[in-house]
Engineer: 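For reference, the structure I am asking about is given below.
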2 protein chains.
Amino acid sequence: MPRTIGFAKHDHDDCVQTALARADMHCANAGLRLTPVRRRSLEILLAEHRALGAYDLLAHLSAEGLGAQPPVAYRALDFLVRAGFAHKIEALNAYIACAHLGVNHTPAFLICRSCRSVAETDTAPAQGRLGDAAKAAGFTIERTVVEAEGLCPACQPESAS
Amino acid sequence: MPRTIGFAKHDHDDCVQTALARADMHCANAGLRLTPVRRRSLEILLAEHRALGAYDLLAHLSAEGLGAQPPVAYRALDFLVRAGFAHKIEALNAYIACAHLGVNHTPAFLICRSCRSVAETDTAPAQGRLGDAAKAAGFTIERTVVEAEGLCPACQPESAS
DNA sequence: GCCCAGATGTTATAACATATCAATAGCACT
DNA sequence: AGTGCTATTGATATGTTATAACATCTGGGC
Ligand SMILES: [Zn+2]
Ligand SMILES: [Zn+2]
Ligand SMILES: [Zn+2]
Ligand SMILES: [Zn+2]
């Protein structure tokens, strides 16, 4: 059953299972513990396939008896973000499962202001103008936040012709 | 009396006055009202020359009898951001006066995680890889957030040698 | 003077995030 | 099995950021 993701359709069940399997693998290799709450949190983010607030995630978890207090959600999100399984969208104060799980990358996001869907892409800002500016200023870049807000294909005004 | 700004020294009093004059001019031309609270808020952001939280700004304002409730600060900041006189740093949930006031630009920021100083530079992410990705996805970019976190020159570990 | 739009004053609350400390579970070592 | 260490979880409280909602005021066009 295809479903919209990153503005494109795909076999979503398959995509969730693949990502979970990769996460299991990565944790086994890295000695990380993908505990029930963490694994279920990742599964929820993958299933929603959009940016969820920490309290949105918490609502899902608490409905399943996996914890009812904010720290439960924030701890799980912190783990997932550290492990590279999820990203925080700063412009939304929300979290989304990584779309390139297992691949080393510098994420960038396209965020629809109308339907809040998010597409993850890749970038290398530290190698472009931003990197030049940092170098000139003597600044050491450790992390970059690149987010574009606008309208996704589905939310474009019909207009024109 | 020079003071650090964007990791470099400069005549700060002069820089504040110039920016305020430009803001006055711009408002006069555009039919915007730079009311006392708004003007003072901009002056405070300019004087601090670093990212201030809305409640930090509110503390300054309330100490001067210019309003004591959150909406006062958020309204002023909203005006300044809309007018292009200030920017929101999404990664900090904080606000900073624009360093290129009056010039049309797409801001990008270098944020020191140690001393919280911020340098504003310029970028054109919509013309690079991000723009390509957006085009391929049929996404219309309206605004971009580009922020780099790391260490400023003053906060680099001495080490080496 | 009247009206309207924008700006302010004020109260309350929503939404996002962390500090702290106690209890527990997994694991290495003996 | 028992000991000690560390990561995780449970639970309560609090801190921080942001907006909703509604009343009031102010300035400029008519
Ligand atoms: Zn997917
Ligand atoms: Zn959309
Ligand atoms: Zn600027
Ligand atoms: Zn610094």
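Proteins get letters first, then strands, A, B, ... in listed order; numbering begins at 1 in each.
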Engineer: When rounded to the nearest 0.5 angstrom, what is the spacing between SG in B:C27 and CZ in B:F79?
Structural biologist: 4.0 Å
Engineer: Indicate for each nucleotide in nucleotides 6-24 of chain D, in 5' to 3' sequence, whether protein heavy atoms under 4.0 Å reach the base (B), only the sugar-phosphate (S), or nothing (-).
Structural biologist: --SBBBB----BBBBB---
Engineer: What distance do A:D24 atom CG and A:N29 atom CG have between them, rounded to the nearest 0.5 Å?
Structural biologist: 11.0 Å
Engineer: Tell me: CG of B:L77 to P of C:dA7, nearest whole Å?
Structural biologist: 15 Å
Engineer: Pick out which of A:L92, A:L110, A:I89 makes a side-chain contact (heavy atoms from CB on, under 4.5 Å) with A:E147.
Structural biologist: A:I89
Engineer: Going only through I, L, V, M, F, W and Y residues with side-chain contacts under 4.5 Å, is there a path from B:F109 to B:L52?
Structural biologist: no
Engineer: Look at the aromatic rings of B:H105 and B:H100 and report parallel, tilted or perpendicular, splitting at 30° and 60°.
Structural biologist: perpendicular
Engineer: Mind calculating the distance between CZ (B:R82) and P (C:dG6) to the nearest angstrom?
Structural biologist: 11 Å
